[in-house]
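Each remark here refers to the structure printed beneath this line.
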Number of protein chains: 2
Amino acid sequence: MKWTDLDDNWCPVARTLSLVGDRWTLLILRDCFLGMSRFDQFADSTGATRHIVSDRLKRLVEAGILEKSAYSDRPKRYEYVLTERGQEFAPALIAFRDWGKKHLPVRRPTQA
Amino acid sequence: MKWTDLDDNWCPVARTLSLVGDRWTLLILRDCFLGMSRFDQFADSTGATRHIVSDRLKRLVEAGILEKSAYSDRPKRYEYVLTERGQEFAPALIAFRDWGKKHLPVRRPTQA
DNA sequence: TGCACTAAGTTCCAAATAAGAACTTTCATG
DNA sequence: CATGAAAGTTCTTATTTGGAACTTAGTGCA
């Protein structure tokens, strides 16, 4: 079975993952919760390629998890902000954060 | 940046996702919470290929999230059970389940 | 006018993963 | 001895990712 066919799975966990379960997607949402909203911020912060950031933002907008709106008209510039249903991913991200803090201490701390 | 380099990221969400953020992995954990423990059960239930189930189980065991043990000696047969730290993914799965139940009602219900 | 610079993407190619089916190994049962 | 189950492995093809370069539509000087 293809991953993309999970969208109409009987299981709500599977249906949710069909939207946010791809690589990098949840890290982009994490950045949204940290106040980021622009393309370059997501690319720099997550480390995902621009190609992937572009794909994920498009799909998150289509899923109604992020909202895209212009913050400048000339030149046209857009920003991405969590919708109400997007905000409701907070519990999931907090759960992952807590698990990581408890079970995965950093080995070699990030140097500057 | 490669996805696999997230294991020593400063962010605990990223470190956690480097272990369980690949496609199918969280669905296998879901099945563990539903009481499943065998290779074929995971393959049938998730729909992932045997190749992927094999890879994910190996990595979950290496990460200390599942424990592999023999339930039969002849022929040798193994089962996979959540460790204590594995059990602690419950809040994350519950968060995804709740989000899906609330925001993603099934369109065409699974027919038999 | 012209040059450098910014933000937000898109495009292209090579490398890594996933999908699907068939095959293997080790027994148990009839 | 033939059939079948469980747990993987192997093989080939299709889809995704990773990395770098390129594009578009301006802005800010000098």
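Here is how names work: the chains are called A, B, and so on, in the same order as the sequence lines, proteins then strands, and each is numbered from 1.
- Residue contacts shown for B/Lys58 are absent, as no nucleic acid heavy atom lies under 4.0 Å away.
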- Note on the structure: Letter by letter from the 5' end, nucleotides 17-24 of chain D scores (B base, S sugar-phosphate only, - none; protein heavy atoms under 4.0 Å) SBB-B---
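- With sequence neighbours excluded, no residue forms a side-chain hydrogen bond (donor to acceptor under 3.5 Å, both in side chains) with B/Thr16.
- Contacts of residues 33-46 of chain A with DNA chain D (heavy atom under 4.0 Å): none.
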Per-pair distances, 0.1 Å, donor-acceptor, side chain in residues 52-62 of chain A, under 3.5 Å, sequence neighbours excluded:
from    : atom 1 : to      : atom 2 : distance (Å)
A/Asp55 : OD2    : A/Arg59 : NH1    : 3.3
A/Arg56 : NE     : A/Arg23 : O      : 2.9
A/Arg56 : NE     : A/Thr25 : OG1    : 3.1
A/Arg56 : NH2    : A/Arg23 : O      : 3.0
A/Arg59 : NH2    : A/Asp22 : OD2    : 2.8

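- B/Lys2 pairs by the side-chain hydrogen bond (donor to acceptor under 3.5 Å, both in side chains) definition with nothing, not counting sequence neighbours.
- Under the side-chain hydrogen bond (donor to acceptor under 3.5 Å, both in side chains) criterion, A/Ser45 pairs with A/Arg30, A/Asp31, not counting sequence neighbours.
- Of all nucleotides in DNA chain C, those with any atom nearer than 4.0 Å to a heavy atom of chain A start and finish, going 5' to 3', at C/dT6 to C/dG20.
- For residues 78-92 of chain A, the set of pairs meeting the salt bridge (charged side-chain N to carboxylate O under 4.0 Å, His left out) definition, not counting sequence neighbours, comprises A/Glu88-B/Lys102.
- Residues passing the side chain to side chain contact (heavy atoms under 4.5 Å, CB included) test with A/Gln87 are A/Phe33, A/Leu82, sequence neighbours excluded.
- Here A/Phe39 contributes atom CZ and A/Tyr80 contributes atom OH; the two are 7.0 Å apart, rounded to the nearest 0.5 Å.
- Partners of B/Phe89 by ring-ring contact (aromatic ring centres under 6.0 Å, His included), not counting sequence neighbours, listed by chain and number: A/Trp99.
- With sequence neighbours excluded, the residues forming a side chain to side chain contact (heavy atoms under 4.5 Å, CB included) with A/Pro75 are A/Ser72, A/Arg77, listed by chain and number.
- With sequence neighbours excluded, no residue forms a side-chain hydrogen bond (donor to acceptor under 3.5 Å, both in side chains) with A/Asp98.
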